[in-house]
Amino acid sequence: DVKVTQSSRYLVKRTGEKVFLECVQDMDHENMFWYRQDPGLGLRLIYFSYDVKMKEKGDIPEGYSVSREKKERFSLILESASTNQTSMYLCASSRPGQGAPYNSPLHFGNGTRLTVT
Amino acid sequence: QQQVKQSPQSLIVQKGGISIINCAYENTAFDYFPWYQQFPGKGPALLIAIRPDVSEKKEGRFTISFNKSAKQFSLHIMDSQPGDSATYFCAARVPDSGYSTLTFGKGTMLLVSP
């Protein structure tokens, strides 16, 4: 069974701090994603990666960066946390879409609830 | 720009009733339409999915109805149970992305009352 593990369930950080959210998957998936979830706004894609050291911007990349040094690990970085980044952050992984069957679902972690004060 | 519009935002259904959640889209190039189910404290998980060349897909009590001409699809939960209480997201796959990138609706919070 695919497991996506996010290192922290809850985080409280101060405005201006540099914040690292870590995600590890154990199924050798090429694709990894970071979403943020806000009430009434659904799931919005921040960044994704389709290979080690590769990254692509999603819909809301401003204020974030990512790092993927190993295939199984994908980190989301808030260079200078702000209060509007208080949110639930969800990491996900999947097999490649290109050439893969349609049913290559996203496997999500249980989320990190980040509060920036 | 919201590419997938989902309604209603919340829904209360009595046990045994039918829950219906609707989604509409504009991009006719979308090629895959999954629904994800999220329980409190958990990440979303794939529930059921459909391709646009099929008008209906059924898995147990869950059915997707797809209307290509109207650019709408919906999730029907028959004989709704309290254990179905969760947030449901419809989604559409971004075409030609090659990366299984999905765009999600805003979610529907379903409460099934006992």
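Chain letters run A, B, ... following the sequence lines, proteins first, then strands; residues in each count from 1.
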Checklist line | Region of A:L43 that comes under 4.5 Å of a non-hydrogen atom in chain B | finding: both

Checklist line | Nearest-0.5 Å distance, CZ of residue A:F108 to OH of residue B:Y36 | finding: 6.0 Å

Item checked: Other ILVMFWY residues reachable from B:M78 by side-chain steps of under 4.5 Å -> B:I18, B:I20

Check: More than 12 non-hydrogen atoms from neighbouring residues, nucleotides or ligands closer than 6.0 Å to CG on B:L111, yes or no?
Finding: yes

Next item on the list: Of all the heavy-atom pairs spanning A:L90 and B:P44, show the shortest one and how long it is.
Entry: CD1-CD, 3.9 Å

Check: A:L114 and A:F20: same hydrophobic cluster, using ILVMFWY side-chain contacts below 4.5 Å?
Finding: no

Margin query: Taking A:Y35 as the starting point, is it possible to reach A:V116 by hopping between hydrophobic residues whose side chains are less than 4.5 Å apart?
Written below: no

Checklist line | Min side-chain heavy-atom separation A:N110-B:F39 under 4.5 Å | finding: no

Note to self: With chain A as the partner, which of B:G41, B:P34, B:G107 has the greatest number of non-hydrogen pairs under 4.5 Å?
What the structure shows: B:G41

Margin query: Using 0.5 Å steps for rounding, measure from the CG atom of A:L106 to the CZ atom of B:F104.
Written below: 5.5 Å

Margin query: For residues B:F73 and B:F30: do they belong to one hydrophobic cluster (side chain heavy atoms under 4.5 Å, members Ile, Leu, Val, Met, Phe, Trp, Tyr)?
Written below: yes

Check: Mind checking what makes salt bridge (charged side-chain N to carboxylate O under 4.0 Å, His left out) contact with A:K53, not counting sequence neighbours?
Finding: A:E69

Checklist line | Euclidean distance, A:F48 CZ relative to B:L102 CG, rounded to 0.5 Å | finding: 11.0 Å

Check: Would A:L11 end up clustered with A:W34 when hydrophobic side chains under 4.5 Å apart are linked, directly or stepwise?
Finding: yes

Checklist line | Residues of residues 57-67 of chain B with any heavy atom under 4.5 Å of a heavy atom in chain A | finding: none

Checklist line | Residue A:R44 versus chain B: region with a heavy atom under 4.5 Å | finding: neither

Check: B:F89: what forms a ring pair (Phe, Tyr, Trp, His ring centres under 6.0 Å) with it, not counting sequence neighbours?
Finding: none

Note to self: In this structure, would B:V13 and B:M109 fall into the same cluster of hydrophobic residues linked by side-chain contacts under 4.5 Å?
What the structure shows: no

Check: Do other residues, nucleotides or ligands put more than 12 heavy atoms under 6.0 Å from B:Q81 CD?
Finding: yes

Item checked: Residue A:Q6 versus chain B: region with a heavy atom under 4.5 Å -> neither

